Amino acid sequence: MDFIIEAALKAIKHLYQTELTAADISLQETRKEFEGQVTIVTFPFTRFSKKSPEQTGNDIGIYLQNELKEVSGFNVIKGFLNISLTDAYWLNKLDTEILPNDFALFKPNGKKVMVEYSSPNTNKPLHLGHVRNNLLGFSVAEILAAAGYEVIKTNLVNDRGIHICKSMLAWQKFGNDETPETSGLKGDHLVGKYYVLFDREYKKQIDELKQIGQTEDEAKKNAPLIKEAQEMLQQWEAGNKDVISLWQTMNSWVYAGFADTYKNLGVGFDKFYYESNTYILGKDIIDEGLEKGVFFKKPDNSVWIDLTDEGLDEKLVLRSDGTSVYMTQDLGTAQLKYNDFHMDSSIYVVGNEQDYHFKVLFLILQKLGKTWAKGLFHLSYGMVDLPSGKMKSREGTVVDADDLMAEMEQTAKLQTEAMGKVEDFGADEKQQLYHIIGMGALKYFLLKVDPKKRLLFDPNESVDFQGHTGPFIQYTHARIRSVLNKAGYSNTGKVGIETLSGIERDLIVSLSQFPDIIQVAAAGFSPAIIANYLFELAKAYNKFYHEKSILQAEDEVLKQFRLQLSDASGKVIKKGMGLLGIEVPERM
RNA sequence: GGUCCCAUAGCUCAGCUGGAUAGAGCAACAGAUUUCUAAUCUGUAGGUCAUAGGUUCGAAUCCUAUUGGGAUCACCA
């Protein structure tokens, strides 16, 4: 559309002797209820045109129509100049841009970006909150890759700490050597079971201590179980062989379980970082910060940074006993990741409860003079809540990721069977389809909304399969493939027709926006933009499908064109859904 | 208490850097299948964009205050 802006600039210069730049012209899609495809807002020009918005629009409209062969007409309503482009223009666009295989394919832009997501704890299985995180991270990575970035997907696994020791201790005490094999439980679920068990026993001890007169806080500190867990953590840090061995065993169970869940979710990583390796890092940065005077030491030897000038607080970066806190680790890990990859930017997909932490982290790195710190971005997303409130692993009130996926597949199965369209499928093929549809519904449900907003998930009202949903878009794809197959379609080059109906033009306009949409979504790290675009596109296609007969078109040339249009729509849907991590079936 | 995020139809959400009469889906109601997949399509109904000011030719969008919801401000991670 740049050529219209350029021509409009020339028009304004010619008509009103005023030099503007492209940024001064606001070009937008024409609203559906008006004639035309692009609209220029003329209010801002009245200052120097010294005419009414209508008159100004008219002047520019006439100029554009005379100068540009692509402009077939225009109309002015209030301050809006609606421009119609010729069918030849749109058909040419379809022919030369949209139909070729390199449509919406961006060349590498030479920029490297890291997306860190998932970042699980190894003491319990993944739940719905993690699902949102994983899908967001994966999708953002796909979108950035499509936009031309070199992407490194990383996962920083939180594999050490007191919470892990809780699971270990509970297993040691109450586990009777239970393993995933003997129990038949998935490894992460087995470990999670002991995490919950720990908490239950711990609470009992707290209650007992309160009975004999201790306060809540005292009881929490004095309960024998928590003391044992803390001791275990110290032994872990000291490298006690038995503790390390137990830790390795239980972590390996968890990793096997996670691998399954990740596979089901369809996400993956290029590089894993483990906190057990990185938690000691960051001490160098502390020294560096002290030298540069960014940090200061308190009399007890703890190290702090004063951020009160920035409207934040004083923040501890190293304990008085010289051990790391979360911030120390993250400083070190940030440096490590940069040393490993020298990326231009780095995106942390982490929940919004850590907004403050990341704000501080990035600020500290900037104050330390790390030039790469300006490329850091916290992609913060809202919590997923249940109707009953917050999910809490310890209390077992979570929607488990594995259970949820199984339920989605089950629902997909019931819905599909009720329709009876794929009875000729083999058992494996059916299972595969249920997976695709169930996951499509779930993924779309989670990705179509702005990440910033918290999400309410009601397990009783299972995710929809109709309307603004993943299966709606998947269905549109299946429908397209069905027509193409029936027609024995193969791409035959040139589009033969010369005039378009309204809905056909709308569809081409919609398709032509896809590359821009990818770039906008990449710039905003927003799968939701892709999701909402695909819904609009699928709606437009379905409308076209109802209004126009494809196989029964009036003549062969028209039929071929409609097949080409269908093919192009199907490809964009497939690629776009791919950016959301959603597969599309050939039939459903 | 300080800071940050959110508030749009009964419900779930779009609304890009300010632009036209604020749009979808679900739910409700009324229709469409001798024709390419009805997980579809068409229509009806549903709004003081939390409230009050301000900036502007123009505000759901920007600014300020207020209200409501959430998060955070640990020598936890």
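Only this structure's heavy atoms are used, side chains among them; waters, hydrogens and symmetry mates stay out. Everything numeric in this text was worked out from a predicted model, so none of it was measured. Naming convention: chains lettered A, B, ... in sequence-line order (proteins, then strands); numbering from 1 in each chain.
The salt bridge (charged side-chain N to carboxylate O under 4.0 Å, His left out) analysis of residues 25-45 of chain A, with sequence neighbours excluded, yields the pairs A:R31-A:E33. Listed by first and then second residue, the ring-ring contact (aromatic ring centres under 6.0 Å, His included) pairs involving residues 513-532 of chain A are A:F377-A:F525, A:F514-A:Y533 (not counting sequence neighbours).
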Identify all side-chain donor-acceptor contacts of residues 545-553 of chain A below 3.5 Å with residues at least two apart in sequence or on another chain.
residue	atom	partner	partner atom	Å
A:S549	OG	A:Q552	N	3.2

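In this structure, the side chain to side chain contact (heavy atoms under 4.5 Å, CB included) partners of A:L376, at least two apart in sequence or on a different chain, are A:S346, A:Y348, A:F362, A:L365, A:W372, A:A373. For A:F472, the ring-ring contact (aromatic ring centres under 6.0 Å, His included) partners are A:F535, not counting sequence neighbours. Taking A:W247 as the reference, A:W236 meet the ring-ring contact (aromatic ring centres under 6.0 Å, His included) condition, with sequence neighbours excluded.
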With both pairing distances under 3.5 angstrom for Watson-Crick or G-U wobble, and | for a partner in another strand, the correct string for RNA chain B is (((((((..((((.....[...)))).(((((.......))))).....(((((..]....))))))))))))....

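Residue-nucleotide stacking is not present for A:F80 and B:G19, judged by a side-chain ring centre under 5.5 Å from the six-membered base ring centre and planes under 30° apart.
Using a 4.0 Å cutoff on non-hydrogen atoms, the parts of residues 519-539 of chain A near RNA chain B are A:F535, A:K539, ordered by number. Of all the residues in residues 22-30 of chain A, not one reaches under 4.0 Å from RNA chain B with any non-hydrogen atom. Listed in residue order, the members of residues 409-423 of chain A having a heavy atom less than 4.0 Å from RNA chain B are A:T416, A:M419, A:K421.
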Please enumerate all protein N or O atoms sitting under 3.5 Å from an N or O of nucleotides 57-62 of chain B, with distances to 0.1 Å.
none

I'd like a table of atom pairs between the protein and nucleotides 4-10 of chain B - only N or O on both sides, under 3.5 Å - with the distance next to each one.
residue	atom	partner	partner atom	Å
B:A7	OP1	A:K453	NZ	3.1

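Nucleic acid contact for A:K548: base, since at least one base atom lies under 4.0 Å from a heavy atom of the residue.
Nearest-nucleotide positions on RNA chain B for A:D300 and A:I437 put A:I437 closer to the 5' end.
With B:A77, B:C36, B:A20 as the choices, the nucleotide that has an atom nearest any side-chain atom of A:N158 turns out to be B:A77.
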